[in-house]
Amino acid sequence: MKRFLQLQLSKELHSFAVGLGGAFGALSRAGIDSLVANNILAVLICNLLGTFTLSAAISYRARPLSEFENLISIGFCGGFSIFATFSKVSVGLLENDEYLLFAVNGAANFILCVWAVYLAEAMMTDFFPRRGDALNDNMMKAEMQRQATGKKELYEVKSELEGNSATDIAPTNSTNAPLADAKKNQHQHMQK
Amino acid sequence: MTTTIYIISVAVGGAAGAICRGFFLQRLNGLIHFPLGTLFVNMVASFLVGAFTSLQASGWIPSSLHPLIDIGFCATLSTFSSLAWEIAEMIKAKRFLVAIFYISATFISGMTLFAYAEYLFNEIGA
């Protein structure tokens with residue numbers, strides 16, 4: 001029961017973080033919208049800044065899928081960057097027969113945003129060369145497993161702290177049995 | 001409309017949109033080796049924006065709801081940053097065909113859904 005409550009609390013925290021980030025992202029986007037008179041330019045600026053921030057946050061993170069990462073990446077960046085107004089602007093350009101501007105706008109959004117992803121990753125690895133371990137697949141798997149099984153049992157944490165692998169963030173003493181359990185839990189969760 | 005009401009409606013709409021997007025991304029993105037959730041969320045947001053634009057133009061929805069629904073909810077429901085990041089991941093994994101398919105599917109069907117919703121709700125509103 002206790003474990004169940006903790007799981008629920010963690011889920012609520014996640015959605016609260018996402019909502020908070022979304023509210024801040026929407027407000028910042030509205031601010032940029034009111035500052036920049038041109039609608040097309042405002043969309044491009046929002047998309048570029050949002051993509052850059054998302055990629056930087058993903059490269060910088062130490063622990064994947066945490067509440068703070070949800071707040072920044074899914075909440076703020078997703079709310080800040082925008083696709084709906086982009087398609088609205090594109091249809092408006094097509095209706096006004098401005099084909100050149102339409103092509104330039106579409107290409108600029110896609111190419112510049114993909115470039116911003118690479119730029120942010122390169123800058124992050126330059127400035128913080130010791131971060132970015134979260135991109136490692138093993139850490140991602142360990143985190144998924146940790147979230148699927150809920151909070152770790154106390155003796156597990158103790159043994160990890162007292163053991164030799166105290167500095168390692170990923171649980172190294174995991175056997176196959178908890179992994180299978182985690183997979184089963186995840187499957188059930190998805191079916192719900 | 002005062003600035004306070006504007007800010008509150010944008011924030012409330014943004015929070016609701018972000019939570020909806022997080023839900024769909026979590027449910028749909030892991031199903032197959034393709035970001036279905038992002039595509040779905042962007043399509044739904046484009047359709048809603050088109051419907052809202054024509055309903056507002058024909059006077060069915062008051063324009064005071066514009067910050068809540070359009071700037072807040074629909075715009076936050078759609079995302080470009082996840083899209084760009086997924087395209088970059090596809091390019092890194094040398095899945096160029098999938099990336100091209102993803103870009104064109106999102107771009108073309110987003111515009112089509114927007115125009116279709118505008119047309120459809122124009123008919124209904126008139």
Side-chain angles (χ1 to χ4, degrees), chain A residues 14-31 33-34 43 46-55 58 70 73-88 90-92 94-95 102 106 109-110 112-118 120-121 186 189-190, chain B residues 6-7 10-23 25-27 30-31 38 41-50 52-53 67 70-89 91-92 99 103 106-115 118:
Chain A
H14 274 266
S15 25
F16 177 74
V18 169
L20 193 68
F24 275 117
L27 282 178
S28 324
R29 176 159 36 74
D33 231 8
S34 63
V43 170
C46 284
N47 282 346
L48 271 178
L49 285 180
T51 312
F52 186 84
T53 318
L54 175 83
S55 178
I58 286 181
N70 273 351
S73 65
I74 300 184
F76 182 78
C77 298
F80 192 57
S81 66
I82 177 171
F83 184 81
T85 309
F86 172 64
S87 50
K88 183 178 174 178
S90 303
V91 170
L94 272 188
E95 279 170 351
F102 164 77
N109 263 289
F110 277 105
L112 284 180
C113 285
V114 173
W115 173 70
V117 172
Y118 282 107
E121 274 181 14
Q186 222 173 0
H189 182 70
M190 273 186 150
Chain B
Y6 181 84
I7 288 176
V10 169
V12 169
I19 289 173
C20 284
R21 179 160 39 77
F23 176 79
L25 288 189
Q26 193 191 3
R27 285 297 158 97
L31 283 185
T38 317
V41 155
N42 280 337
M43 296 308 99
V44 170
S46 298
F47 187 84
L48 283 181
V49 165
F52 181 76
T53 305
D70 197 345
I71 303 180
F73 184 78
C74 294
T76 313
L77 185 62
S78 71
T79 177
F80 205 92
S81 53
S82 304
L83 176 75
W85 190 74
E86 281 151 4
I87 291 171
E89 287 291 299
I91 292 174
K92 267 184 220 159
I103 292 174
T106 309
F107 195 39
I108 293 170
S109 48
M111 282 195 316
T112 315
L113 274 175
F114 175 81
E118 215 178 2

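Residue numbers begin at 1 in each chain, while the letters A, B, ... track the order of the sequences.
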Participant: Please identify, among B:Ile103, B:Ile87, B:Leu113, the residue contributing the most non-hydrogen atom pairs under 4.5 Å to chain A.
Facilitator: B:Ile103
Participant: From B:Ser81 OG over to B:Glu86 CD, what is the distance, rounded to the nearest 0.5 angstrom?
Facilitator: 9.0 Å
Participant: Strictly distance-based, threshold 3.5 Å: is any side-chain N or O of B:Arg21 a donor or acceptor partner for the main-chain N or O of B:Val41?
Facilitator: no
Participant: Check whether any side-chain N or O of A:Ser55 sits under 3.5 Å from a backbone N or O of A:Thr51 as a donor-acceptor pair, and report yes or no.
Facilitator: no
Participant: Name the member of A:Val117, A:Leu48, A:Asn47, A:Val114 that forms the most heavy-atom pairs with chain B at distances under 4.5 Å.
Facilitator: A:Asn47
Participant: Check each atom of A:Ile74 against the heavy atoms of chain B and say whether the ones under 4.5 Å are side chain, backbone, both or neither.
Facilitator: both
Participant: Name the member of A:Cys77, A:Gly75, A:Gly31 that forms the most heavy-atom pairs with chain B at distances under 4.5 Å.
Facilitator: A:Cys77
Participant: Is B:Leu83 in contact with chain A via its backbone, its side chain, both, or neither, using a 4.5 Å heavy-atom distance?
Facilitator: side chain
Participant: Please rank B:Cys74, B:Ala84, B:Ala115, B:Gly72 by heavy-atom pairs under 4.5 Å with chain A and give me the top one.
Facilitator: B:Ala84
Participant: Quick check for you: among B:Ile19, B:Val12, B:Val44, which has the greatest number of heavy-atom pairs under 4.5 Å with chain A?
Facilitator: B:Ile19
Participant: Counting only heavy atoms closer than 4.5 Å, note whether A:Asp33 contacts chain B via side chain, backbone, both or neither.
Facilitator: neither
Participant: Any donor and acceptor pair, going by atom type alone, linking the side chain of B:Asp70 with main-chain N or O of B:Ala75 inside 3.5 Å?
Facilitator: no
Participant: Let me confirm one number: the CH2-CD distance from B:Trp85 to A:Glu121, rounded to the nearest 0.5 Å.
Facilitator: 8.0 Å
Participant: Looking at A:Phe110 versus B:Phe80, is the centre-to-centre ring distance below 6.0 Å?
Facilitator: yes
Participant: In Å and rounded to the nearest 0.5 Å, what is the CG to OG distance from A:Leu94 to A:Ser87?
Facilitator: 11.5 Å
Participant: A:Gly22, A:Gly78, A:Gly25, A:Ala26: which one forms the most heavy-atom pairs within less than 4.5 Å of chain B?
Facilitator: A:Gly78
Participant: Using heavy-atom distances under 4.5 Å, tell me whether B:Val49 contacts chain A through its side chain, its backbone, both, or neither.
Facilitator: side chain
Participant: Check each atom of B:Thr53 against the heavy atoms of chain A and say whether the ones under 4.5 Å are side chain, backbone, both or neither.
Facilitator: side chain
Participant: Does the B:Asn42 side chain pair with the main chain of B:Thr79, one donor and one acceptor, at a distance under 3.5 Å?
Facilitator: yes
Participant: Go through the atoms of A:Phe76 and report whether side chain, backbone, both or neither lie under 4.5 Å from a heavy atom of chain B.
Facilitator: neither
